[in-house]
Amino acid sequence: MCDPQSILHDRVREALVVAFGAEMADADPMVRPSDRADFQANVALGLSKRLKRPPRQIAEALVSSLRVEDVCERVEVSGPGFINLTLKNSFLGECSSQQLRDPRLLVSLSSQPETVVIDYSAPNVAKEMHVGHLRSTILGDALARILSSLGHHVIRQNHLGDWGTPFGMLIEHLVDLGEQRASEELGVGDLNKFYREARAKFEQDPSFADRSRLRVVQLQAGDEPTRVLWQRLVHESKRYFGEIYAQLDVSLTDEDVCGESFYNPMLADVAEELEQRGLATVDDGALCIFVPGFSSREGSALPLIVRKTDGGYGYAATDLAAVRHRVKTLGATRLLYVVGAPQRQHLSMVFSAATMAGWLCPPARAEHVEFGSVLGADGKMFKTRAGDTIKLSDLIQEGVERALAEVTLRFPELDDETRRRVARQVGVGALKYADLSNDRVKDYVFDFDRMLKFEGNTGGYIQYAHARCRSILRHARLRPEPGPIEIVHPAERTLALVSLRLGAVIHQVAETLQPHTLCSYLFELAGALSGFWHDCPVLKADSELVRDSRLRLVELTSRILDHGLGLLGIQAPERM
RNA sequence: GCGCCCGUAGCUCAGUUGGAUAGAGCAGCGGCCUUCUAAGCCGCGGGUCACUGGUUCGAAUCCAGUCGGGCGUGCCA
């Protein structure tokens, strides 16, 4: 392994021990990329109080104990006590060569692989997927790819909304339409129409409402004909969601579906266990858990309602059952919930309750991977002019169509099939990248024009950088033999330095669960590449030695871009 | 009322977990295509990091309060 930052980290720590004793081994050397040098170590400033010496003096003592002659060209103390570190070109070149030779691009596997359950997407049966599902689906899928790339055992869980009171009316509507008609309607993906019709009848026709309520009872009682009808609804919806996932290059399959109904048989047991432990008590007829620290509008304690007054189980029961199942049966130690920010309080209560019940205890822990809303250009929730939610399938279609227009304009000579394929990769990539490149905690403004412009921090810009690399490698005809990368030009330095940060960035994302850091990184890499194109001719380089070295750098960069986009669930076209 | 999240250039967003002079992209102005892809590159202008105080060598970042926006706040999921 030859990642300069971690090597310098280790060297500075060794110097700390030599200069100030073994008790300094726990201090973070704070080696960071710098604009004054390649890296800077900031540890001396923080140690000033602990060592009761001026930071500048500490830095100087540290530097005199620092053994980096083999890797650094220059080491200097600067300002109040920063240690600026500049790498030797030869060492940097050697690191880059190693990165190129390594199939993992110097991204180490996690030192503590664990089983991670990621709960994401979670659309509702017989309901259209909308922009809210977009964020959960795209974020969750990227995190799943990133964590499994580091060697974690990732279990995807699509917590489908396939149970609850609306299914009474949905089944009755299915009966009214006849299975044939219903299948057609659901099959073409017009789920909103189906749901709306059912809802309208439920509200206007009292006899239909009665039938619906009866149907819910039958469904919950396990009535076989009812169950068959319900299965029909679930099946058709799953087929439709599968099509959307395929269009989006989302890795979810039917195997990952574990809907609310799955936990149905466990709910009574969950309630009983909670009651036996004295955690849940009956209040106003409902079985409640009172988690300390939560209060209602009136100031009284806020309950987590496990079982409603009518005997039915609420979603808190399902969520608790899911925590128990994921820890005990699936063996997960990290539970991720890629769910919108408004669910924060609910999930926080569920996690606390599960902890109190003993179902969630170290090393197992749960994290709410919360995200903000998607807004329209007006800064309000992203909706159609009529105020309806926007169908995900329409969004994908428009993205691909807009991309196709661009690609057609740019490459009239490409054959139809290639053009359509590239347009799909670019359109879907733009959609996903726009979502992933924003800090998930904040709301973000959805804007087709901006995300498809391919200027700035967009998917298209990254894909374009990759395609240019591939183009040059194609033109080179002969692949360069494996060999050294010689760093001579400043633009090569920059490119190599950014390239070598890949591992640190991916591990950081695995920790913070913020994929936008990876996007920023790829954008920076693409920017470094631009500088390199500008200053460093590759195929027309002065010598064969330089040409081959630069070709290797181009190949390395293209692989990082491809891998990085891949981790985000975005394809990298060979040409565009 | 209470709780949580957010507030950075005209617009959309970063800011490596407290480090040096706060950065990109759009939009505006000015340069670059007989040169490996101009979907690109270079330069210029643009800031009281919502506000006030505090913590310390050092704050956009941490703490308290104020103002603004959003969300949540017992039987929908």
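In what follows, chains carry the letters A, B, and so on, assigned in the order in which the sequence lines appear, proteins first and then strands, with residues in each chain numbered from 1. Atoms considered below: every heavy atom in the structure, side chains included; atoms not considered: hydrogens, waters and symmetry mates.
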Mind checking the C1' distance from B:A39 to B:G25? Whole angstroms is fine. 14 Å
Upstream residue (5' side of RNA chain B) when A:R36 and A:G299 are each assigned their closest nucleotide: A:G299
Does the ring centre of A:Y461 sit less than 6.0 Å away from the ring centre of A:F523? yes
Expressed as a whole number of Å, how far does the C1' atom of B:C29 sit from that of B:G46? 12 Å
Which value, in whole Å, describes the distance between the C1' atoms of nucleotides B:A24 and B:C49? 16 Å
OP1 or OP2 of B:G40 versus the side-chain N and O atoms of A:S530: is any pair under 4.0 Å? no
Whether A:S48 side chain and A:A44 backbone form a donor-acceptor pair below 3.5 Å: no
4.5 Å side-chain heavy-atom contact, A:L529 and A:C469: yes
Heavy-atom check, side chain of A:R326 versus side chain of A:D119, under 4.5 Å: yes
Kindly list each side-chain donor-acceptor pair under 3.5 angstrom involving residues 283-290 of chain A, sequence neighbours excluded, with atom names and distances?
none

Any donor-acceptor pair, under 3.5 Å, between the side chain of A:Q40 and the base of B:A20, if you only look at N and O atoms? yes
Sticking with atom P, work out how far B:A50 lies from B:G28, rounded to a whole angstrom. 28 Å
Are the ring centres of A:H159 and A:Y263 closer than 6.0 Å? yes
Its glycosidic angle compared against 90° from 0, B:U37 adopts the form anti
Salt bridge A:R440-A:E370, side-chain N to carboxylate O under 4.0 Å: no
Using 30° and 60° as the class boundaries, would you call the ring planes of A:F448 and A:F446 parallel, tilted or perpendicular? perpendicular
Between P on B:C26 and CZ on A:R450, what's the gap in Å once rounded to a whole number? 12 Å
On a plain distance test, is the side chain of A:N84 in donor-acceptor contact with the base of B:A20 below 3.5 Å? yes
Tell me which donor-acceptor pairs under 3.5 Å the side chains of residues 502-515 of chain A have, and how far apart each pair is, sequence neighbours excluded?
residue: A:H507; atom: NE2; partner: A:S108; partner atom: O; Å: 2.8
residue: A:H507; atom: NE2; partner: A:S108; partner atom: OG; Å: 3.2
residue: A:T512; atom: OG1; partner: A:Q508; partner atom: O; Å: 3.1
residue: A:T512; atom: OG1; partner: A:Q514; partner atom: N; Å: 3.4

Distance-only, no hydrogens or angles: does the A:E492 side chain make a donor-acceptor pair with backbone N or O of A:H489 under 3.5 Å? yes
Return the CD to CD1 distance between A:Q463 and A:I570, rounded to the nearest 0.5 Å. 6.5 Å
Parallel, tilted or perpendicular for A:W163 and A:W230, by the 30°/60° rule? perpendicular
For every nucleotide of nucleotides 31-39 of chain B, 5' to 3': is a protein heavy atom under 4.0 Å from its base (B), only from its sugar-phosphate (S), or from neither (-)? ----SBBSB
Treat primed atoms plus P, OP1 and OP2 as sugar-phosphate and everything else as base, then score nucleotides 68-77 of chain B 5' to 3': B for base contact with protein heavy atoms under 4.0 Å, S for sugar-phosphate contact only, - for none. ---SSBBB-B
Aromatic ring centroids of A:H130 and A:F382 under 6.0 Å? no
What residues in residues 515-522 of chain A put a non-hydrogen atom under 4.0 Å from any atom of RNA chain B? A:H516, A:S520
Are A:F371 and A:Y444 near enough that their ring centres are under 6.0 Å apart? no
May I have the distance from A:Y444 (atom OH) to B:C11 (atom C1'), rounded to whole angstrom? 17 Å
Side-chain N or O of A:K442 versus OP1/OP2 of B:U12: is the shortest distance under 4.0 Å? no
Treat a base pair as Watson-Crick or G-U wobble with both distances under 3.5 Å, then lay out RNA chain B in dot-bracket form, 5' to 3', with | for cross-strand pairs. (((((((..((((.....[...)))).(((((.......))))).....(((((..]....))))))))))))....
Please state the C1' separation for the pair B:U8 and B:G15 - nearest whole angstrom. 9 Å
With syn meaning chi within 90° of zero and anything else anti, the base of B:C57 is anti
C1' atom, B:C6 versus B:A14: distance in rounded Å? 16 Å
